[in-house]
Participant: 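Right, I'll just put the structure down here and ask away after.
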There are 2 protein chains.
Amino acid sequence: MGASLGEGARRKTAGSALARQQVLRLGDTSGRIVVLRQGWALRSAMTSDGRRQVLSILLPGDIAGGEFLLRDKVRMPVQSVTPVEYCSFDIAYLKEITDKSPAFIWTFVDLCLSSREASEDRLIDLGRRNAEQRLARLILDLHRRLGEKGLSDGATIPFPLRQQTVADALGLTQVHVSRVMRSLRQSCILQTKAGQLTILDMDALMAIAEFYET
Amino acid sequence: MGASLGEGARRKTAGSALARQQVLRLGDTSGRIVVLRQGWALRSAMTSDGRRQVLSILLPGDIAGGEFLLRDKVRMPVQSVTPVEYCSFDIAYLKEITDKSPAFIWTFVDLCLSSREASEDRLIDLGRRNAEQRLARLILDLHRRLGEKGLSDGATIPFPLRQQTVADALGLTQVHVSRVMRSLRQSCILQTKAGQLTILDMDALMAIAEFYET
DNA sequence: ATCATTTCTTAACTTATGTTATAAACCCAC
DNA sequence: GTGGGTTTATAACATAAGTTAAGAAATGAT
């Protein structure tokens with residue numbers, strides 16, 4: 001499972017994990033900020049009766065452990081989708097940095113706020129949009145984020161997510177995700193092949209996602 | 001509409017509004033942090049086809065404008081439910097404070113993170129829980145928050161929300177909220193009267209909300 | 001290549017929630 | 001207190017999404 005976290009007071013550590021591993025376990029004592037360097041991961045929660053809700057899909061550069069300051073235990077576990085590489089900082093290290101250059105902390109506040117915005121956008125999706133809209137928006141969001149990181153190839157993006165994972169992110173079932181994907185494929189809006197997803201009709205996808213009309 | 005915001009560079013201003021007024025308008029230039037002092041308010045978003053999603057229900061002491069640092073325009077409008085009183089700080093003022101006592105900023109970071117946790121909890125509700133569970137959790141959440149602020153009377157809390165508002169918060173319709181409330185009333189789990197809500201059977205409500213079983 | 005496992009597809013059927021409509025209850029201004 | 005607007009209750013009906021199940025396709029290990 002790669003170099004593990006929480007082994008003493010090392011300022012900065014690096015680690016890696018295979019696909020489908022728990023990277024941060026529920027209840028782990030963390031005290032560290034984890035940054036994903038390579039690969040895809042999920043931050044998710046389980047309900048008491050075993051349903052899963054994916055809270056965020058993590059791409060390279062994203063911060064995995066966000067609760068570090070609020071609580072000493074990991075509340076939302078993180079698991080790898082693909083093989084991943086990550087690094088982590090001790091929180092004490094972050095505090096040292098900000099003591100030296102206080103302005104830096106605002107970058108960090110921005111990060112917190114923008115992750116809140118992201119989760120509120122998902123809230124609107126789950127509360128007020130149907131399955132097709134939710135899927136369209138998820139794909140466009142991934143397309144944008146991957147593009148910003150130089151990880152997309154035009155309209156084609158890597159897409160390592162299982163349908164069950166997409167379902168857990170969108171508050172749907174795997175069967176329904178399959179239905180909606182079929183519909184989008186049959187409308188020639190998108191195409192999937194070998195872990196890649198291609199947007200064939202960006203306008204149509206954006207229309208479904210309500211990215212146009214005011 | 002009370003003393004308005006953004007009238008020059010005043011460090012701190014106070015204001016008030018009647019019930020059902022826009023307190024922060026979409027697109028307003030804000031640059032200020034608004035703290036609710038009295039009354040209830042809503043932070044909400046609209047979809048392009050006019051559906052509303054309530055992102056958070058604000059109680060006295062809560063921060064209304066959260067986007068101030070990320071963007072100069074209000075993205076999620078805030079409207080009063082009851083008559084409200086609020087005060088606001090210029091962001092520059094916050095920066096001054098944190099320059100003087102840098103440790104204070106961590107309180108602020110905590111605030112950001114805990115509001116993200118709150119919205120992620122809602123995300124789990126909307127993605128993976130049914131209408132009855134969502135309503136039970138909303139009521140328990142309000143009961144807890146009001147209790148912490150000394151605004152509840154044992155099992156009885158003020159409840160100024162319209163069913164439509166509850167529906168917009170839970171991703172449901174007003175009609176369905178009415179149905180679920182009836183069911184909870186008929187099960188003698190709760191009671192509503194004159195803008196007050198009383199939890200008659202806390203155990204049953206917590207069981208529905210999945211606050212027990214692991 | 002072959003087998004085992006996982007994931008995806010599809011169909012038939014069920015259900016929770018949405019929609020529409022109407023009447024009753026409530027609230028407030030005069 | 002009366003009257004008009006808002007909010008809630010309820011019913012009948014519609015539909016998006018869930019459930020279950022079984023086979024096909026993809027993936028991974030040997």
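Protein chains get the first letters and strands the later ones, always in sequence-line order, with residue 1 at the start of each. Because the structure is predicted, anything quoted here is derived from the model rather than measured.
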Participant: Would you say the side-chain atoms of S178(A) pair up with the backbone N or O of Q174(A), donor to acceptor, closer than 3.5 Å?
Facilitator: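 Judged by distance alone, no pair lies under 3.5 Å.
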Participant: With a 4.0 Å cut-off on N to O distance, would you call R75(B) and E120(A) a salt bridge?
Facilitator: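 E120(A) and R75(B): not salt-bridged.
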Participant: So, does R51(B) get its side chain near the phosphate of dG18(C), meaning an N or O under 4.0 Å from OP1 or OP2?
Facilitator: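 Indeed not, no polar side-chain atom of R51(B) lies that close.
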Participant: Judged by each residue's nearest nucleotide on DNA chain D, which is more toward the 5′ side, T192(B) or V175(A)?
Facilitator: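 Its nearest nucleotide lies further toward 5', so the answer is T192(B).
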Participant: Could you pick out which residue, R134(A) or Q174(B), lies toward the 5' side of DNA chain D when each is mapped onto its nearest nucleotide?
Facilitator: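 Taking each residue's closest nucleotide, the earlier one in sequence belongs to Q174(B).
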Participant: Go through dA17(D), dT7(D), dG18(C) for me and flag the one nearest to the R162(B) side chain.
Facilitator: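 So the nucleotide nearest the side chain must be dT7(D).
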Participant: Mind checking if R185(A) touches a base, just sugar-phosphate, or nothing, with heavy atoms under 4.0 Å?
Facilitator: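 Sugar-phosphate contact only - R185(A) comes under 4.0 Å of backbone atoms but never of a base.
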Participant: For dA9(D), does OP1 or OP2 lie under 4.0 Å from any side-chain N or O of Q163(B)?
Facilitator: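 Yes, because at least one side-chain N or O of Q163(B) sits under 4.0 Å from OP1 or OP2 of dA9(D).
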Participant: Which is it for R122(A) and Q53(A) under the side-chain contact (heavy atoms from CB on, under 4.5 Å) test, yes or no, and what are the steps along the way?
Facilitator: CA-CA 12 Å; R122(A) 311 298 295 281; Q53(A) 177 64 44; 5.9 Å; no
Participant: Between E132(A) (CD) and dT15(D) (P), how many Å, whole number?
Facilitator: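 The answer, rounded to whole Å, is 16 Å.
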Participant: In whole Å, I'd like the distance from the CE atom of M181(B) to the P atom of dT10(D).
Facilitator: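 Nearest whole value for this atom pair: 12 Å.
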Participant: Hey, which sits more toward the 5' end of DNA chain C by its nearest nucleotide, V177(B) or L161(A)?
Facilitator: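 It is L161(A), whose closest nucleotide lies nearer the 5' terminus.
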Participant: Using atom CG of N130(A) as one end and atom C1' of dG18(D) as the other, report the distance to the nearest whole Å.
Facilitator: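 Those two atoms, CG and C1', are 15 Å apart.
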Participant: Name the nucleic acid region contacted by R20(B), choosing base, sugar-phosphate or nothing; use a 4.0 angstrom heavy-atom cut-off, strictly under.
Facilitator: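 R20(B): backbone/sugar contact only, no base atoms under 4.0 Å.
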Participant: How about CZ on R145(B), more than 12 heavy atoms from neighbouring residues, nucleotides or ligands closer than 6.0 Å, or not?
Facilitator: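 Count over threshold, so yes.
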Participant: For L170(B) and dA16(C), what is the distance between atoms CG and P respectively, to the nearest whole Å?
Facilitator: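 Roughly 18 Å, once rounded to whole Å.
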Participant: In whole angstrom, give the distance that lies between atom NE2 of H176(B) and atom P of dG18(C).
Facilitator: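 So the two atoms are 6 Å apart, to the nearest Å.
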Participant: Specify the separation, in whole Å, of atom CD of Q164(B) and atom C1' of dT8(D).
Facilitator: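 Nearest whole value for this atom pair: 12 Å.
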Participant: Give a yes or no on whether R52(B) atom CZ has more than 12 heavy-atom contacts from other residues, nucleotides or ligands under 6.0 Å away.
Facilitator: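 Counting neighbours around CZ of R52(B), more than 12 heavy atoms of other residues, nucleotides or ligands fall under 6.0 Å, so yes.
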Participant: Between F159(B) (CZ) and dT7(D) (C1'), how many Å, whole number?
Facilitator: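 Rounding to the nearest Å, CZ of F159(B) and C1' of dT7(D) are 14 Å apart.
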Participant: Is any side-chain nitrogen or oxygen of S178(A) closer than 4.0 Å to OP1 or OP2 of dC8(C)?
Facilitator: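 Looking at the OP1 and OP2 atoms of dC8(C), neither is under 4.0 Å from any side-chain N or O of S178(A).
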Participant: Select one nucleotide: of dG18(D), dG18(C), dC8(C), the one nearest the side-chain heavy atoms of R179(B).
Facilitator: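 Out of dG18(D), dG18(C), dC8(C), the nucleotide with an atom closest to R179(B)'s side chain is dG18(C).
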Participant: Across the strands shown, which category fits G195(A) at heavy-atom distances under 4.0 angstrom: base, sugar-phosphate, nothing?
Facilitator: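 Contact class for G195(A): none.
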Participant: How close or far is atom P of dG18(C) from atom CZ of R129(A), stated in whole angstroms?
Facilitator: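 So the two atoms are 16 Å apart, to the nearest Å.
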